[in-house]
Amino acid sequence: MNLIDEDDEKPTRWEKFVEFIMFHFRWVFVVPFLLPLSFLFNTLFEIRNKIIHAVNSAPNAHVRKVGFIQEQLKEWNSNGRKTKLVNARPGWLTMSFRFPLYKENATKIATDKLFDILELDVEKMTVKAEPGVTMGQLSRYLIPLGYTLPVLPELDDLTVGGLINGCGVESGSFKYGMFQHICTGYEVLMSDGELRNIYPDSAAKTEQAKQDNSLFFAIPWSQGTICFLTAATMRIIPCKKYVKLTYKKTETLDEMCEQLTEDSDRYSDKVDFVEALLFTKDKGCIMLGEFSEGPDTQDEVVNPIGRWYKKWFYTHVEDLINKKHESIEYIPLRDYYHRHSKSIFWELRDIVPFGNNVLFRYLMAWMCPPKIAFLKATTPNVLRKLYDRSHVIQDMLVPLDTLEKCIELFHKEIEIYPLWLCPFYLKSQPGLMKLRNATHKMYVDVGAYGVTAKDGYHHERTTRRLESFVRSVNGFQMTYADIYMTRAEYAEMFDRTLYDWKRSTSKCLDAFPDIYDKICRSGRR
Ligand SMILES: Cc1cc2nc3c(=O)[nH]c(=O)nc-3n(C[C@H](O)[C@H](O)[C@H](O)COP(=O)(O)OP(=O)(O)OC[C@H]3O[C@@H](n4cnc5c(N)ncnc54)[C@H](O)[C@@H]3O)c2cc1C
Ligand SMILES: NC(=O)C1=CN([C@@H]2O[C@H](COP(=O)(O)OP(=O)(O)OC[C@H]3O[C@@H](n4cnc5c(N)ncnc54)[C@H](OP(=O)(O)O)[C@@H]3O)[C@@H](O)[C@H]2O)C=CC1
Ligand SMILES: CC(C)=CCC[C@@H](C)[C@H]1CC[C@H]2C3=C(CC[C@]12C)[C@@]1(C)CC[C@H](O)C[C@@H]1CC3
């Protein structure tokens with residue numbers, strides 16, 4: 001494999017100076033330009049969605065849009081299937097730091113025009129949506145009606161298609177698993193233009209139903225290399241207006257690991273959400289949430305953390321645990337789900353350093369956050385180099401019983417805090433994420449986002465050491481992040497059996513890139 005070693009080139013003094021200016025004064029561009037633009041874009045898109053819901057035009061338009069994609073595929077077939085197929089969604093819109101190189105000479109299929117909610121079925125308790133529908137759209141639509149997705153990943157702009165063909169976790173995952181596990185059916189287009197509605201059916205009798213069953217399990221994590229998703233049906237659950245959130249301070253790493261393991265009890269009917277933040281190797285906070293109708297007495301605290309003038313959530317958590325060992329707050333449900341959106345986890349502190357200042361919050365933060373896509377599209381090259389050298393965006397999914405070792409290693413290699421800890425339940429199913437030695441297991445997502453000042457950090461070598469650890473404990477690396485594994489190492493981490501079988505029997509090999517070529521570092525810029 002061609003491992004990229006761009007970081008070995010040392011920047012000159014001048015380059016360092018320019019980087020310094022760009023990094024510390026990026027806000028000069030972001031605040032007056034990107035913030036209003038993001039606000040305007042979000043407002044117009046919200047109005048557009050309201051109109052579409054009001055006139056209920058999405059289902060008809062869906063048929064038309066899918067028909068158009070079918071035409072595209074038929075044309076590609078009649079031209080001799082000469083190029084590889086990819087989704088037309090431009091790289092700057094996607095939720096990862098990188099731009100796809102593999103799209104450059106490929107045929108782009110217009111799945112990016114599919115961004116509407118199609119149907120809510122309260123009898124079957126499902127919602128059907130096009131793949132471009134975002135988590136922000138779904139929470140805005142479902143919560144006022146008294147429903148939610150059991151797993152609703154927190155960043156507003158994450159899409160249904162990306163979370164299925166990639167993956168998704170959230171604080172409901174300790175109970176319900178990953179985003180793919182709340183899906184009950186997919187509408188897909190195969191490379192020959194055939195439209196199929198597939199769902200899991202372990203008692204399938206006909207050959208077609210058996211094929212559809214195995215296809216259903218092959219799609220999650222496949223990065224759009226088997227078929228195009230044109231709609232997905234997801235489970236919904238009833239919800240309440242608030243989340244009663246209990247913040248529990250932990251003072252040692254041992255305590256965090258033990259307590260988080262104990263609290264991640266998916267059978268508890270008192271807990272609906274579990275997540276934790278580590279602020280130093282020892283000091284952390286576990287947050288346990290429960291759906292609630294609101295406080296019973298006036299003494300209890302209601303905290304609408306999503307309002308523009310409120311502190312960034314992770315700083316609020318740190319302040320709370322510095323004052324009290326345990327506290328309880330009632331948070332409006334939608335504010336809770338998108339609690340990390342306003343500060344883009346903790347990435348905004350580098351981009352708008354005064355973004356959490358009380359004056360800024362009251363005066364300007366109603367336009368926050370800047371859209372991640374706009375930030376991505378306008379990252380200057382100088383900054384990209386700096387990010388390459390010292391910025392980490394990684395999510396490693398490891399068995400919960402290996403969390404302590406994993407944190408020790410993250411501390412030794414990158415020492416970035418806060419660290420995001422999100423437990424999730426993993427049931428062994430066929431597919432890329434098949435468990436090799438258990439029928440089910442509690443895992444945890446360890447997320448590191450930010451600049452590392454660690455001596456000896458090297459983007460590629462350090463990441464490879466983290467990857468090697470993750471493989472050794474039967475863990476998985478999220479594929480939106482920079483991946484330096486070789487093809488063989490990737491196949492050790494992910495079970496390709498079903499994936500390869502489906503690709504070879506569903507006319508995929510000449511139609512789509514191999515998954516490794518989409519996720520490896522050399523496939524992305
Ligand atoms: C040359 C070759 C030929 C293959 N031929 C076939 C084939 O004819 N049929 C086939 O299915 N696979 C076939 N495979 C794929 C391979 O065997 C898969 O990995 C297999 O589909 C899944 O088996 P498993 O051990 O991962 O899962 P298992 O747990 O053993 O599952 C077996 C079957 O049950 C289904 N299943 C498992 N868990 C669930 C669940 N929770 N809900 C609903 N259904 C579930 C799976 O889709 C699968 O069809 C072939 C692979 C190769 C390389
Ligand atoms: N909480 C969480 O779980 C978070 C998850 N993420 C990650 O972000 C990514 C999602 O970001 P998002 O911008 O929404 O998605 P992306 O556009 O990045 O898509 C992710 C992958 O899914 C494929 N894909 C997307 N839509 C379709 C479709 N309709 N049919 C077939 N394949 C499709 C894409 O293929 P192609 O390459 O052809 O475009 C791409 O390989 C996921 O990988 C997720 O793991 C990021 C932040 C938080
Ligand atoms: C919760 C999980 C599983 C993952 C969260 C990942 C996010 C924190 C990152 C996904 C895409 C990242 C980008 C940036 C910050 C971190 C993410 C949102 C930037 C905004 C950083 C600044 C750059 O100029 C642009 C980046 C775009 C992608």
Side-chain angles (χ1 to χ4, degrees), residues 22-23 26 30 34 69 84-100 102-103 106 108-115 130-135 151-155 157-171 173 178-180 186-189 219-232 275 340-341 343-348 350-351 369-380 383-384 386-387 391-397 420 422 424 445-451 476-481 512-513 515 517-519 523-524:
M22 288 286 197
F23 188 74
R26 193 172 176 192
V30 171
L34 287 197
I69 300 175
K84 298 283 189 219
L85 300 172
V86 295
N87 292 278
R89 192 157 196 251
W92 62 272
L93 264 180
T94 67
M95 201 64 71
S96 97
F97 184 67
R98 300 289 167 197
F99 291 82
Y102 55 80
K103 290 201 182 185
K108 298 176 186 69
I109 300 298
T111 51
D112 60 330
K113 306 282 180 296
L114 301 166
F115 43 71
E130 293 183 328
V133 167
T134 64
M135 293 304 106
V151 176
L152 201 148
E154 61 300 293
L155 295 174
D157 290 344
L158 288 163
T159 64
V160 167
L163 291 165
I164 292 169
N165 289 279
C167 70
V169 285
E170 226 297 285
S171 57
S173 290
M178 300 195 90
F179 195 80
Q180 70 204 55
Y186 302 133
E187 180 191 89
V188 296
L189 275 173
I219 288 173
W221 289 82
S222 68
Q223 311 286 146
T225 59
I226 295 182
C227 53
F228 291 106
L229 185 70
T230 53
E275 96 173 314
H340 295 304
S341 288
S343 51
I344 320 186
F345 282 83
W346 22 99
E347 289 282 351
L348 205 56
D350 293 333
I351 300 169
K371 260 185 110 56
I372 292 174
F374 293 171
L375 285 172
K376 184 173 175 180
T378 58
T379 311
L383 267 192
R384 293 190 68 80
L386 174 75
Y387 273 85
H391 192 270
V392 179
I393 306 176
Q394 283 290 347
D395 280 272
M396 297 297 189
L397 315 180
W420 190 57
C422 181
F424 67 97
D445 178 343
V446 182
Y449 324 114
V451 176
F476 307 92
Q477 180 175 16
M478 271 211 188
T479 43
Y480 79 87
F512 300 97
I515 188 167
D517 297 320
K518 273 195 162 186
I519 54 96
R524 294 165 173 178

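Each ligand, and each atom within it, is numbered from 1 in the order the structure gives.
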Is there side-chain contact between Arg26 and Thr378, with heavy atoms separated by less than 4.5 Å?
yes
Do Val86 and Lys518 come within less than 4.5 Å of each other through their side chains, counting heavy atoms only?
yes
For ligand 2, find out whether one of its N or O atoms is nearer than 3.5 Å to an N or O atom of [X].
X	value
Thr111	no
Met95	yes
Thr94	no
Cys167	yes
Tyr480	no
Val169	yes
Thr159	yes
Asp157	no

Sorted by first residue and then second, give each side-chain hydrogen bond (donor to acceptor under 3.5 Å, both in side chains) pair with at least one member in residues 157-166; sequence neighbours left out.
Asp157-Lys371
Which of the atoms in ligand 2, numbered in the order shown and given with their element, are less than 4.0 Å from a heavy-atom of [X]?
X	result
Glu154	1 (N), 48 (C)
Lys518	35 (O), 36 (P), 37 (O), 38 (O)
Gly168	3 (O)
Pro153	1 (N)

Could you please provide the protein residues found below 4.0 Å of ligand 3 on a heavy-atom basis, arranged by chain and number?
Arg26, Met95, Ser96, Phe97, Glu154, Ile344, Phe345, Glu347, Ile351, Ile372, Leu375, Lys376, Thr379, Tyr387, Ile393, Asp395, Trp420, Asp445, Tyr449, Met478, Tyr480
Checking Glu347 against His391: is there a side-chain donor and acceptor pair closer than 3.5 Å?
yes
Which atom names give the shortest non-hydrogen contact between Gly447 and Asp395, and what distance separates them?
CA-OD1, 3.4 Å
Quick one: does Thr479 get a heavy atom under 4.0 Å from ligand 2?
no
Is the closest heavy atom of Lys103 to ligand 2 under 4.0 Å?
yes
Heavy-atom proximity to atom 30 (N) of ligand 2, picking from Ile109, Leu152, Leu229, points to Leu229
Mind checking salt bridge (Lys or Arg N to Asp or Glu O under 4.0 Å) for Asp517 and listing every partner two or more places apart, or none if nothing turns up?
Arg487
List the residues meeting salt bridge (Lys or Arg N to Asp or Glu O under 4.0 Å) with Glu154, not counting sequence neighbours, and say none if there are none.
none
Plane angle bin for His340 and Trp420 - parallel if under 30°, tilted between 30 and 60°, otherwise perpendicular:
perpendicular
What part of Arg89, side chain from CB on, backbone N/CA/C/O, both or neither, has a heavy atom under 4.0 Å from ligand 2?
side chain
